[in-house]
Amino acid sequence: GAVVSQHPSRVICKSGTSVKIECRSLDFQATTMFWYRQFPKKSLMLMATSNEGSKATYEQGVEKDKFLINHASLTLSTLTVTSAHPEDSSFYICSAARTSGSNYNEQFFGPGTRLTVL
Amino acid sequence: RKEVEQDPGPFNVPEGATVAFNCTYSNSASQSFFWYRQDCRKEPKLLMSVYSSGNEDGRFTAQLNRASQYISLLIRDSKLSDSATYLCVVTDSWGKFQFGAGTQVVVTP
């Protein structure tokens, strides 16, 4: 199967700092990547869809100025949590879709990044 | 109402027994259906897709009931390693993944 990596796996930061999370598809090109957030015992919630070479599409209620997404290449998308606050503490997971277009049936998930904001 | 609903469990299952649970979805236009497995503090991993006619993969059997808008997962001959949270995933008409909150299964010796 396809491999998706995420870095860092865990980060602890002070309130007010910015944190960048990288998501890489290691053995395939991903024109579309997705960023999810998961709180304890809750479902994964889609935050945004990241498209290579264009602006990300954010889900309702997700602040695009707070969660900056850049998909600069076919194998890398980054999520930057700006001015992080304790309520941003969560498990952030990316996924990469192998097919382009509207069929996202094949999504491969990264191992996740656990963010703790003090 | 949530898009995808699951019984959170936990389902405590003796080793070797059978366990089954459902997932209901609200959007009748949902396109594709999956079961993912998520271990504690790990990413989801695809367990199996769910096809209209039902499908089986080893000890795992998935069923889809479009009329009643639910999918099911049955695990036979449960192993200790089956202990995990099972996530129901439904794609909407745009192809986006909608996750359930998961059903926790605990297999006991």
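Sequence lines set the chain letters: A, B, ... in the order given, protein chains first and strands last, and positions in each chain run from 1.
- Contact annotation for A:Gln6: neither backbone nor side-chain heavy atoms come within less than 4.5 Å of a heavy atom of chain B.
- With sequence neighbours excluded, the residues satisfying salt bridge (Lys or Arg N to Asp or Glu O under 4.0 Å) with A:Lys66 are A:Asp88.
- In terms of heavy-atom pairs under 4.5 angstrom with chain A, the leader among B:Gln104, B:Lys45, B:Gln98, B:Arg41 is B:Arg41.
- Only the side chain of B:Gln38 comes within less than 4.5 Å of a heavy atom of chain A; its backbone N, CA, C and O stay farther away.
- Ring orientation note: the planes of B:Phe21 and B:Phe11 are tilted relative to one another, at an angle of 30° to 60°.
- Heavy atoms of A:Phe91 lying under 4.5 Å from chain B belong exclusively to its side chain.
- A:Leu46 touches chain B through its side chain: at least one heavy atom from C-beta onward sits under 4.5 Å away, while N, CA, C and O do not.
- Under the 30°/60° scheme for interplanar angles, the aromatic rings of B:Tyr36 and A:Phe109 are found to stand perpendicular.
- Taking the six-membered ring for Trp and the full ring otherwise, A:Phe28 and A:Phe108 have centroids separated by under 6.0 Å.
- Although no hydrogens or angles enter the test, the distance criterion places a donor-acceptor pair under 3.5 Å between the side chain of A:Ser89 and the main chain of A:Val117.
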